[in-house]
Amino acid sequence: MTTDGGERPAFAKRMIRSVVFVVGSLALVGCAGSGTDPPARVQVEVVLTGLESRRGVGIGAEGSLLVAEAGSGNDAVDVTLRTGKLTKYIDRNGNGNFADPGEAESWFSHLASYNAMNVYATGRDEVSGPSDVAMHRDGRVFLSVDGGFDDFALFEISPQGSMGRNLSGRSNMTGIGLAPDGLRIFVTESTLNQLVEITLDGGDRRDVTAFGVLPSGQQPVPAGLAIDPRNGDILVALFSGVAQSGDGSFVPFVPGDAKVVRVDPRTGRTTDEITGLTTAVDVAIDDRGNVFVVEMATDHAELFTGKIDLFDTDVGARHGGYLRFSGKVTLYPHDSGSPQILADDLDSPTNITIAADGALYVSTGQGTPGRPIPGPNGATTIIGEVVRITGY
């Protein structure tokens, strides 16, 4: 999640060693259920489309969007053929979207991009590459990139768009967020199941906490994170990893075992914030304490077996590990009121960002761009988009 002016968190996915990638109801601390329908005034609109596995979204002071795309998952050896990218979008004509001619400004292209199904044999169509974006109040940008195995980076980028130092390369960093003082950055290391603090001055690292296994014995797989602006606590979405069923087979995740936890960054003390979730992939929190949770899918679906060309449009419409068009965004009110589903039936959402005006920007369409998938009205294809949610 990212907040305009400084904190950013975002997506999650895999658990490399045992395989993995990357509702609510009742009150903030406690169980989740179905939630309530959104009031009529809530608007969900597409502001960017045709992207390739879009991920984190950062919001500039002037209202621009910096969007990370994990790319096509082509895993090219030739750097010039790699498809991960970071692009700046400016609504120059003020029409509310960012898709008009001249509104896209390429910052970086040819960044890492790969598919976990091909690299780790997960059976799930999960594209990784540029993962999350954090905007510092002084104009600097921080970008996490997952290139697989030992190819990880947390890049510092100047306000003018020049690539600088790499602050960390130990693990994939699906969520990043700046501390309120602007001196430190927190990252979720999904592969290592840890939350880490890195100083921006000297690049010193401190392991804040390691997350334990979930109720069904799954790895937690920390995904997105958010900084509570009221006290500096860190909310972390635990996506949940592969689990073994009673018959000895493995399933990608157990519905209802994911959760959001609250971490004291000073002591590492961790408490449950919201439980009973499924594939909790990102979280955001506003100045009042309202919490917004993104769940990527409500259930797992058929896996790919054997060697499959994910770019073959004749392969047939397949879910590819996660039930398509079952993602949702839920609001958990600060006053412990009933949770409210703001958007559902989303196609594999991953990241959420809060703008200064309260608008929510959510990335959807995770997976190989253009691959046939089952849709609400029949077969369709994966399309990366950014949607904006307002009026809640």
Side-chain angles (χ1 to χ4, degrees), residues 1-8 10-11 38-72 83-111 129-130 132-143 157-163 282 284 286-287 292 294 329 342-343 345-347 349-366 369-370 380-392:
M1 164 318 269
T2 299
T3 58
D4 183 65
E7 293 76 80
R8 163 128 208 68
F11 161 95
R41 67 178 182 275
V42 172
Q43 293 185 322
V44 181
E45 54 187 332
V46 176
V47 295
L48 277 173
T49 189
L51 307 179
E52 295 187 327
S53 297
R54 75 291 70 71
R55 286 286 186 276
V57 177
I59 302 177
E62 75 282 21
S64 63
L65 303 184
L66 264 177
V67 180
E69 294 176 67
S72 67
T83 52
K85 65 184 70 172
L86 179 67
T87 307
K88 183 175 183 178
Y89 294 89
I90 304 174
D91 182 16
R92 299 186 186 280
N93 59 12
N95 68 349
N97 66 51
F98 301 82
D100 299 300
E103 294 188 338
E105 177 184 311
S106 177
W107 273 34
F108 298 100
S109 54
H110 309 307
L111 297 174
D132 207 3
V133 183
M135 311 288 288
H136 198 285
R137 55 177 171 261
D138 65 9
R140 281 180 293 172
V141 176
F142 295 87
L143 173 69
I157 302 170
S158 75
Q160 295 73 38
S162 297
M163 186 74 80
D282 203 7
D286 63 18
D287 292 340
F292 306 85
V294 179
V329 177
L342 300 182
D345 299 329
L346 299 176
D347 183 32
T350 56
N351 296 66
I352 186 169
T353 301
I354 303 179
D357 61 1
L360 305 174
Y361 288 85
V362 179
S363 297
T364 67
Q366 190 285 131
T380 184
T381 58
I382 296 176
I383 301 175
E385 297 184 323
V386 174
V387 301
R388 180 169 56 212
I389 303 174
T390 56
Y392 58 85

- Please list, chain by chain and in numerical order, all residues satisfying side chain to side chain contact (heavy atoms under 4.5 Å, CB included) with Asn93, sequence neighbours excluded. Asp91, Asn95, Asp100, Glu103

- Item | Shortest non-hydrogen contact from Val362 toward Pro349 | CG1-CB, 4.0 Å

- Task: Please examine the side chains of Ser158 and Arg140, heavy atoms only from C-beta on, and report whether any two atoms are closer than 4.5 Å.
- Result: no

- Least distance between heavy atoms, Thr350 atom then Val294 atom: N-CG1, 4.4 Å

- Task: Taking Arg54 for its side chain and Leu48 for its backbone only, find out whether a donor-acceptor pair lies under 3.5 Å.
- Result: no

- Query: Any donor-acceptor pair under 3.5 Å linking the side chain of Ser53 with the backbone of Gly71?
  - Reply: yes

- Message: If the condition is ring pair (Phe, Tyr, Trp, His ring centres under 6.0 Å), which residues does Phe142 pass it with, not counting sequence neighbours?
- Response: none

- Query: Do you know the tightest heavy-atom contact between Arg55 and Ser363?
  - Reply: O-OG, 2.5 Å

- Validation row: Phe108, Ile157 side chains within 4.5 angstrom (heavy atoms): yes

- Should Val57 and Asn351 count as side-chain neighbours, where that means a heavy-atom distance under 4.5 Å? no

- Message: Just verifying a value: how many Å separate Phe292 CZ and Leu342 CG, rounded to the nearest 0.5 Å?
- Response: 6.5 Å

- Do Leu65 and Lys88 come within less than 4.5 Å of each other through their side chains, counting heavy atoms only? no

- Task: Please step through side-chain contact (heavy atoms from CB on, under 4.5 Å) for the pair Ile354 and Leu360, ending with a clear verdict.
- Result: CA-CA 5 Å; Ile354 303 179; Leu360 305 174; 3.6 Å; yes

- Inter-residue atom distance Thr353.OG1 - Arg388.CZ, 0.5 Å rounding: 13.0 Å

- Note on the structure: Between the OH atom in Tyr392 and the CZ atom in Arg41, the distance rounded to the nearest 0.5 Å is 11.0 Å

- Shortest non-hydrogen pair, Tyr361 vs Ala355, comes out as CE1-CB, 3.9 Å

- Item | Rounded distance [0.5 Å steps], CH2 in Trp107 versus OG in Ser162 | 8.5 Å

- Task: Please round to the nearest 0.5 Å and tell me the distance separating atom OG1 of Thr87 and atom CG of Leu51.
- Result: 8.0 Å

- Task: Give the minimum heavy-atom separation between Gly56 and Asp132, together with the two atoms involved.
- Result: CA-OD1, 3.7 Å

- Does the Glu69 side chain pair with the main chain of Glu52, one donor and one acceptor, at a distance under 3.5 Å? yes

- Query: How close do Ala70 and Gly129 get, heavy atom to heavy atom, and via which atoms?
  - Reply: CB-N, 3.7 Å

- Message: Can a side-chain donor-acceptor contact be found between Glu62 and Ser64 if the only test is distance below 3.5 angstrom?
- Response: yes

- What distance do Leu143 atom CG and Leu111 atom CG have between them, rounded to the nearest 0.5 Å? 6.5 Å

